Amino acid sequence: KLAYLQMRAQNWKPARALGTLRNTMVFATGNAHAQLMLVGEAPGYDEERLQEPFVGRAGQKLNQILAAANLRREDVYISNICKFRPDMGPNQGMSNRAPSDEEIAACLPIILAEIRAIQPACIICLGGTAAKGLLGSGASVASLRGKWFDCQGVPVRVTYHPSYLLRNDTLPAKRAVWEDFLAVLEQMKLNITPRQRRFFLPATS
Ligand code: URA
């Protein structure tokens with residue numbers, strides 16, 4: 001099913017017809033039988049070059065979060081709302097931009113089909129763009145956090161994008177993302193150690 005979807009994505013006319021997305025299609029990575037699915041925004045410079053989601057700096061941050069949760073990339077399924085790097089013209093260089101509402105809408109059928117193929121126990125939207133696509137809500141991540149939503153029958157949680165942590169390397173920001181992951185681990189009935197529960201809490205004297 002995924003191989004078929006990947007082929008459909010490669011030739012996905014609604015996205016190509018926009019003329020605002022770059023040519024290289026970046027599909028997904030990880031485990032087709034995963035219980036947990038992570039959905040990001042769109043490939044950036046590094047992801048386009050290596051044709052794999054979350055392999056740049058945001059990907060390294062994501063790997064750290066997964067390691068703290070005792071998960072590896074191979075244990076989860078990692079994909080993006082938009083399968084093509086949004087175009088910024090001939091002088092784009094290494095710059096990236098978020099996909100527009102039209103670009104999100106054009107690619108949405110692909111990620112929805114991936115969800116039906118994977119049938120995960122839980123989905124995490126990494127950032128507001130993923131939430132906009134899967135939940136149809138343009139609300140801020142801050143206001144969407146801490147609640148369960150539904151996408152095609154699968155429970156969904158929203159958290160900050162890993163690149164937010166790169167820009168905002170503070171204890172409260174790390175703790176917020178970690179609380180979202182703890183809620184997901186609980187939902188999936190995975191073991192959480194007392195040490196994991198305390199991660200990123202201010203030290204008490
Ligand atoms: N940011 C995303 O949202 N997705 C990627 O694949 C890489 C960076």
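No experiment lies behind these values; they were computed from the predicted model shown. As the structure lists them, so they are numbered: ligands from 1, and atoms in each ligand from 1.
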Proximity of E47 to ligand 1 by residue part, where a heavy atom lies under 4.0 Å:
side chain

Show me which atoms of ligand 1 lie under 4.0 Å from any heavy atom of P53.
6 (O)

Side chains of Y45 and Q92: donor-acceptor distance under 3.5 Å anywhere?
no

Is A42 touching ligand 1 with its side chain, its backbone, both, or neither, if touching means heavy atoms under 4.0 Å apart?
backbone

Below 4.5 Å, heavy atoms only, C-beta onward: do L38 and L62 meet side chain to side chain?
yes

Should F54 be counted as touching ligand 1, given the test is an N or O pair under 3.5 Å?
yes

Give the ring-plane orientation class for W178 versus F199, where under 30° counts as parallel, over 60° as perpendicular and anything between as tilted.
tilted

With the side chain counted from C-beta on, respond yes when E103 and L21 share a heavy-atom pair under 4.5 Å apart, and no when they do not.
yes

G40: numbered ligand 1 atoms lying under 4.0 Å from its heavy atoms:
3 (O)

Residue among E52, E74, Q51, E47 satisfying side-chain hydrogen bond (donor to acceptor under 3.5 Å, both in side chains) with T29:
E52

Heavy-atom gap H161 to ligand 1 smaller than 4.0 Å
yes

Close N or O approach (N80, ligand 1; < 3.5 Å):
yes

Atom NZ of K189: over 12 foreign heavy atoms under 6.0 Å:
no

